[in-house]
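Working notes for the structure below.
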There are 2 protein chains.
Amino acid sequence: MINRHSFVPIYVQIAQTIVQTVQADGLTYGEQLPSERDLAEQHQVSRLTARQAIDELVKRGVAYRVQGKGTFLARPQIRQASGLMSFSDELLQRGFQPSSKIILHQRVDASKSVAQRFQIAAGDPVLQLNRVRLANGQPVAVEYASLNLHLLPNLDQEDFEGQSLFAVIRGRYNVYPAWAEAEMEARLATDAECKWLDIPTGQAVLVAHRLTFTEAFELIEAVDSVYPGDRFPIYIGRQRILTELDEKA
Amino acid sequence: MINRHSFVPIYVQIAQTIVQTVQADGLTYGEQLPSERDLAEQHQVSRLTARQAIDELVKRGVAYRVQGKGTFLARPQIRQASGLMSFSDELLQRGFQPSSKIILHQRVDASKSVAQRFQIAAGDPVLQLNRVRLANGQPVAVEYASLNLHLLPNLDQEDFEGQSLFAVIRGRYNVYPAWAEAEMEARLATDAECKWLDIPTGQAVLVAHRLTFTEAFELIEAVDSVYPGDRFPIYIGRQRILTELDEKA
DNA sequence: CATCGCTGCTGGTCTAGTCCACTTGACAAC
DNA sequence: GTTGTCAAGTGGACTAGACCAGCAGCGATG
């Protein structure tokens, strides 16, 4: 079960085995997981390590704790993937074949507002990448992306028709998206968008203004995604509602 | 500084003092916070406790760690409040005076699909509460809410024109919203919505289908919020992008 | 029969350490 | 000057305990 000489921390390994066990045993919402003390003894680790494993599951919204009673499986999420994450990954998970048609792909000088977001000088080059996103050949979104060439030098020489942008960012540059932030609004589709998305004029579209950061909050990309309103509802994911630090006094 | 006999855990107290210190000293994005060992010695606690304090800040996206270097302040969020949280709270934070006009307020028998969401029997009573939400007297949203009367008995006898729904839920019932999940779409406003929101016909609106859960994933409410597309962009909050548990092998 | 209290379980918090991985800067050797 | 090495400081992982707080079941006591 547990490999003490692996680079993967023990608590992650334990979290993985719990997930596997849950799937194998067909456990569902509300059922109880092993106690922290049981897990510790089972895997011959200290209780804190077992607790860290369960922390991982709680962080993901897979399980929840009740003091005095135990740890239980959470209600499953509506969907796995999030509208805030990689478009390609989400489509793959949902069983579609993602692809792209590039509308624009060029270095541009950063405008003042873009430069401020990227924390670079105005006029510094930024990669502008506008794409129509397709699922099984059907257009499902238009994306207007600005990418940080300081963080991703020579990114403009990559090919994005064939491969996922995030895959390139992770694989070639070892840059890992860790945080995302978004604002949403609705508006009517522009004429160009109607053509790209193959929708009638006057239709409502959902626009997501998304920022993606590294662990250290360097801005990787700023994207405006335009979705036809009804064809593709966007799942925001499961989020913990944080109480203020100074409440509960 | 630290009160060892308070009911508030020491690590929370330390997290609070860090936030206060940061504000008092005017520290900004990128500046370094005290090391875990420093914090531990400063407050005369073990290193784990100091670490837990920083964990709180990292969980909130206030700080981030870099192994071998230290802990640093994160880039501030676009906005504080989230479109997934309490409408009233968000408006208050942004300096508006929230109010409501009730369109519908009655017990209804749960339809099959609603009952399934709430995990109750079909036909069991649910509180349907439809409101026009106002900011400084201006209509900014229409909300169609279904509330769980099993969790919140006799909620239908409360007054919601004057007070925040979440305030009642927290104060009177001791039910704390802990998780939220949402899907978003865009469509054209209905005639009734145009009247309520005082917008021209044919305008695009943003629709958020939101579920709010307790810590134990009991469904508190299911809400469809309709926002005029451009008047009020919805902030989704800052979210961690989770890597799969079985990656990084 | 109802109730109170005990006991044994759970998670929540905390201690005082250990060793490892990584970053940085200083300093010595080339 | 460049390069390599070493030490100090950082967060990451882990141990082996401790006590507290909340829940549930059981049994004795009224």
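Taken from CG in B:L147 to CD in B:E221, the straight-line distance is 5.5 Å, to the nearest 0.5 Å. Note that CD of A:E181 and CZ of A:R210 are 12.0 Å apart. Values are rounded to the nearest 0.5 Å.
Between A:T212 and A:F166, some side-chain heavy-atom pair lies under the 4.5 Å cut-off. Contact of the B:R75 side chain with the A:W179 side chain is not registered, since no non-hydrogen atoms from C-beta on lie closer than 4.5 Å. Contact check for B:N3 versus B:I10: no side-chain heavy atoms found under the 4.5 Å cut-off.
Within residues 44-51 of chain A, the residues that have a heavy atom under 4.0 Å from DNA chain D are, in order of number, A:V45, A:S46, A:R47, A:L48, A:T49. Of all the residues in residues 61-73 of chain A, A:R65, A:V66, A:Q67, A:G68, A:K69, A:G70, A:T71 reach under 4.0 Å from DNA chain C with at least one non-hydrogen atom.
For the side-chain contact (heavy atoms from CB on, under 4.5 Å) test with A:L73, the passing option among A:L57, A:V22, A:I18 is A:V22; the others fail.
Without hydrogens or angle criteria, B:N148 side chain to B:L219 main chain gives a donor-acceptor distance under 3.5 Å. The backbone N or O of B:P76 lies less than 3.5 Å from a partner atom in the side chain of B:R238, making a donor-acceptor pair.
Judged as a salt bridge (charged side-chain N to carboxylate O under 4.0 Å, His left out), and not counting sequence neighbours, the contacts of A:E183 are B:R79. The salt bridge (charged side-chain N to carboxylate O under 4.0 Å, His left out) search around A:D55 returns A:R65, not counting sequence neighbours.
The nucleotide range of DNA chain D contacted by chain B, defined by atoms under 4.0 angstrom from heavy atoms of the protein and reported 5' to 3', is D:dG9 to D:dA13. On the nucleic acid side, DNA chain C contacts chain B at distances under 4.0 Å to non-hydrogen atoms, with the end points of that region at C:dT13 to C:dT24.
Counting any heavy atom pair closer than 4.0 Å across all strands shown, A:I10 reaches sugar-phosphate atoms only and no base atom.
A distance below 6.0 Å separates the ring centres of A:Y64 and B:F217.
A:Y144 and A:Q128 form no side-chain donor-acceptor contact under 3.5 Å, judged by distance and modelled atom types alone.
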